[in-house]
There are 4 protein chains.
Amino acid sequence: MTEARTETTPQDWWRTSIIEMQPGMIRYRGYPIEDLIGRVGFVDMIYLMTRGELPSRPAARLLEAALVSAVDHGPQAPSIAVARMAITCGIGINNAMASAINTLGDVHGGAGEQCVELYQAISGRLAESERGAEAIKQAAADEIDALKAKGIRHVPGFGHRFHPLDPRAPRLLELVDDCARAGAVGGLFAAIARAVEDVLAERRGGRRVPMNIDGATAVIFAELGFPPPLCRGLFVLSRSVGVLAHAWEESQSDYRNKGPIPRQTIWTYDGPAARPVPEPDGSPE
Amino acid sequence: MTEARTETTPQDWWRTSIIEMQPGMIRYRGYPIEDLIGRVGFVDMIYLMTRGELPSRPAARLLEAALVSAVDHGPQAPSIAVARMAITCGIGINNAMASAINTLGDVHGGAGEQCVELYQAISGRLAESERGAEAIKQAAADEIDALKAKGIRHVPGFGHRFHPLDPRAPRLLELVDDCARAGAVGGLFAAIARAVEDVLAERRGGRRVPMNIDGATAVIFAELGFPPPLCRGLFVLSRSVGVLAHAWEESQSDYRNKGPIPRQTIWTYDGPAARPVPEPDGSPE
Amino acid sequence: MTEARTETTPQDWWRTSIIEMQPGMIRYRGYPIEDLIGRVGFVDMIYLMTRGELPSRPAARLLEAALVSAVDHGPQAPSIAVARMAITCGIGINNAMASAINTLGDVHGGAGEQCVELYQAISGRLAESERGAEAIKQAAADEIDALKAKGIRHVPGFGHRFHPLDPRAPRLLELVDDCARAGAVGGLFAAIARAVEDVLAERRGGRRVPMNIDGATAVIFAELGFPPPLCRGLFVLSRSVGVLAHAWEESQSDYRNKGPIPRQTIWTYDGPAARPVPEPDGSPE
Amino acid sequence: MTEARTETTPQDWWRTSIIEMQPGMIRYRGYPIEDLIGRVGFVDMIYLMTRGELPSRPAARLLEAALVSAVDHGPQAPSIAVARMAITCGIGINNAMASAINTLGDVHGGAGEQCVELYQAISGRLAESERGAEAIKQAAADEIDALKAKGIRHVPGFGHRFHPLDPRAPRLLELVDDCARAGAVGGLFAAIARAVEDVLAERRGGRRVPMNIDGATAVIFAELGFPPPLCRGLFVLSRSVGVLAHAWEESQSDYRNKGPIPRQTIWTYDGPAARPVPEPDGSPE
């Protein structure tokens, strides 16, 4: 065994800077819980727990808008459908929520995270001194080229398979603009996101590929300085609300073991036709 | 096949009253999403999605306090430990959150739900006309007797294995009292909870078994009219914040496949001593 | 803090009689792993790990048949549908499997477990000396009455919403009968299961409610002495095979975020019609 | 909405070649279930369901050995610890298994899959005509160089943080060699795996980095032609057995909400010292 037997204790193994506890005492990031309750909002707590400090009020407002915007996208979304099916199977509501949240992977829940990475990559191409519209657009174009060179066809955060114009995106951007005008956030990432939209439109001969919910919440997350993987976590917190609502609604129905389609609808089978099992000492040997 | 082949369509199979959607249009409970964003808070959305209507401001404040209070109870809580271990195993942050939330079952996440049921059962014993302190205390005593008769030793929501006095409970009750004085909630469930505390103390010769976080949040949930199973869902939403924060913190460490105790600490084995595998045609037949 | 601070060490906290390990050494239930590999089958290992000893060969054969029989019930089963949807969301195949397995709750995965409990309860009504056909039938009738008195309408393990006759059940019973004739199992639980079928038919005026897969595998599990909750675990092991096969097949498709119904099929909405969000200082206060 | 409204029906949406079902009829890959039960083994079914055909007997034996070898690695493994903690939280045994299986990600469950990819990449460097020892070793060296160039420090399937020599690996390789000598498998991947071991030893000045369980099962999976992502699925099937055994054992204990370390062991906190919550209109704005 090559591993050095260092004197790690179980206490150190579970080291954290988030919560301190003694009998009768709970502190989050140094703040006694009884002083937080009734004084700070739930969104403030989300920020405090994940970032280490309480947010400014404008920051909390922006984060709140992002969290409000993504709670649900209907039973066609796998996360919602899974929640509804799972709750009819005789498991707890937390288990149904877990099965659903578990589906929020790179494809279903990762676009916001990937889009923050994109915005940060574009931002990283800009010198501090060059943040004019032209420089931003050039950086966006370069980064989109870089994505394509890596074989990524679809720019995360832009375009939508269902909504020609995602009604959530312009409203979220409007709130970011308000904050930027008030000096509460820098506004660079809003400019970057719009530059991406422009570049995409130019490359499609003027046909716009508008920002979607992920592109817009990514602007907020990036303006607030969230690291990309945390952004997926924020989306999970938001979508969990819809997951809970749908699981609850379905639990009020009479369905048991609810499948994806009505029971009288049989799926299509396209495998081998009926055949006998080979003799054990015959061909399958 | 005895089942009648009714004409259920896939559309009806996925019927919901939560969300309406068309290309370019998203409405929750009738409200256009773009009108909700920036206008209502995240806690309002939680209420709207699960209850069907927006909450009054005092109701939202109380719900917010309950959600703030339960976000985290440290790495000794299985939910938090699981989140931290899971994230070191090479899965997405949503997957780590799912594994953790999945543990919030009857024992780890169900006390609030069970306590709301207890309060409602006590309330159900009261006639509309008899809601004085004595009647409430009698109903509480009767219900506790009924629990015992069913073999339930531990009254959910009271006492704590770690905190002699749970610092979250008095603060939450204080907020409920404020709301009750302002007429925003009835206050009956706060009275019921305190009556339970009194009855338990009397039965233990004066030694108090104080209300814990679950007993206190259950007062809020019951005052706001949440059905019990939804209360576990609310706890999941709250605890998800701590789960995310800890998963994120742990992901910043260098651990891979983090187990529960340091690697040099071997567990205790108390099974059979070393033995040979029996011959296949010998004893195990 | 009332808890006695006993000297539990982390080693003792993780005490087990299943596995012993030292650097370079792994033993399951006392058997060195290198002596098990190639000598015992996978089904033997399932038995050894859960029961503590290797099975006899007939026991392994019966367990094997039960495990073979329940691997899949098509995409109409929530477990299978969830696996297929989840894998299109950009998560690992283990995550898709977990979301699916998580749905195998009391309703979807619990009938076998509940049926073993039923058989054991009927067996518990029999004196050692009275195990003739009439005594068994009487005990079955009494237990079915007891179920009804508890409000349980549906006898677990009998009848099927889809199959008029479940093709798996008679074949499994045939294997149990073979083993019973050879003296390898007692055969009592096969007799009990058939008595349940007879009682149910008599109560429905001769219309049979035939044993289903859960009723038949429960005979095997009961004959082999598995405790009921382990039986759900065995079903999970079996169904995991179908879950994996379907997740894998779906992963070869081009779908991303596959929902339950084709994209052009919108669900039915039956909630409130479109309405404006109330003013923040207006009615929702 | 740019998507063409093709006439996909719900039936086609759930197309599969794995299972065909009608009332009273179940066929897997064309074989009637009642003909499979009692005729083929559980491992045969795993192969049939995932590959489409029944395996030869030697193939089934090798797969069986791989499945036997990975069932458990003790409570220090996150998967096992999570199963044990989760079952004490008041959830079903399937839920505890799901939480555990969910942790078998790229780091905890992915090494076998990654190692199959490695072996296939080495194989892909070989011309059909050049499969001598020297050519294989050169291809292995080239591929290891390629891994390093991509920044992958650790070669998957080789070396172990706990076992100086993994007792499972040589036994598994012995079985592969037996099969290769009998002509039942090609043996190329066994040769490749040994070449990787040799190259690694040479690069470490003779110090061997022996094949571990993942490296050895990957040989079997590669010899049998399993695509890499399926290999993680096979590991999940195997480890699920240990997960079930440990969940069951723990469920027989008295623990409730079992955390990672004994209750009297408090974790280390290294965050901010106690501090007051700022005034709402003060600094946090």
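Residue numbers begin at 1 in each chain, while the letters A, B, ... track the order of the sequences.
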Under a 4.5 Å cutoff for heavy-atom pairs, which residue among [options] has the most contacts with chain A?
options                      : answer
B:V71, B:L175, B:V43         : B:V71
B:D178, B:I93, B:I261, B:V40 : B:I261
B:G92, B:G105, B:G109        : B:G105

Check each atom of [X] against the heavy atoms of chain A and say whether the ones under 4.5 Å are side chain, backbone, both or neither.
X      : value
B:L230 : both
B:L104 : both
B:Y255 : side chain
B:S253 : neither
B:A81  : both
B:Q76  : neither
B:R15  : backbone
B:R61  : neither

Quick one: closest heavy-atom pair of [X] and [Y], and the distance?
X      : Y      : result
A:P167 : B:I33  : CG-CG2, 4.1 Å
B:T50  : A:W248 : O-CD1, 4.0 Å
B:F42  : A:L237 : CZ-O, 3.7 Å
A:N94  : B:V236 : CB-CG2, 3.7 Å
A:A65  : B:I37  : CB-CG2, 4.0 Å
A:M49  : B:G242 : CE-CA, 3.9 Å

Contact class of A:Q22 relative to chain B, heavy atoms under 4.5 angstrom: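 The backbone, not the side chain.
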
For chain B, which of [options] has the most heavy-atom pairs under 4.5 Å?
options                     : value
A:A247, A:S17, A:A96, A:A66 : A:S17
A:I46, A:T103, A:L165       : A:I46
A:M97, A:M25, A:K258        : A:K258

I'd like to know if the side chain of [X] reaches the main chain of [Y], judged simply by a donor and an acceptor atom lying under 3.5 Å from each other, with no hydrogens or angles considered.
X      : Y      : answer
A:W14  : B:P260 : yes
B:W13  : A:G259 : yes
B:E34  : A:A169 : no
B:Y28  : A:D72  : yes
A:E249 : B:T16  : no
A:N102 : B:A98  : no

Stepwise side-chain contact (heavy atoms from CB on, under 4.5 Å) test for B:I26 and A:H73: CA-CA 8 Å; B:I26 301 171; A:H73 204 246; 4.0 Å; yes

Close side-chain approach of B:P229 and A:S251, heavy atoms under 4.5 Å: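 Not in contact.
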
Just verifying a value: how many Å separate [X] [atom1] and [Y] [atom2], rounded to the nearest 0.5 Å?
X      : Y      : atom1 : atom2 : answer
B:E64  : A:R39  : CD    : CZ    : 14.0 Å
A:L244 : B:R232 : CG    : CZ    : 11.5 Å
A:S240 : B:I101 : OG    : CD1   : 5.5 Å

Residues B:H163, A:M21; criterion side-chain contact (heavy atoms from CB on, under 4.5 Å); working and verdict: CA-CA 10 Å; B:H163 300 297; A:M21 219 165 82; 3.9 Å; yes

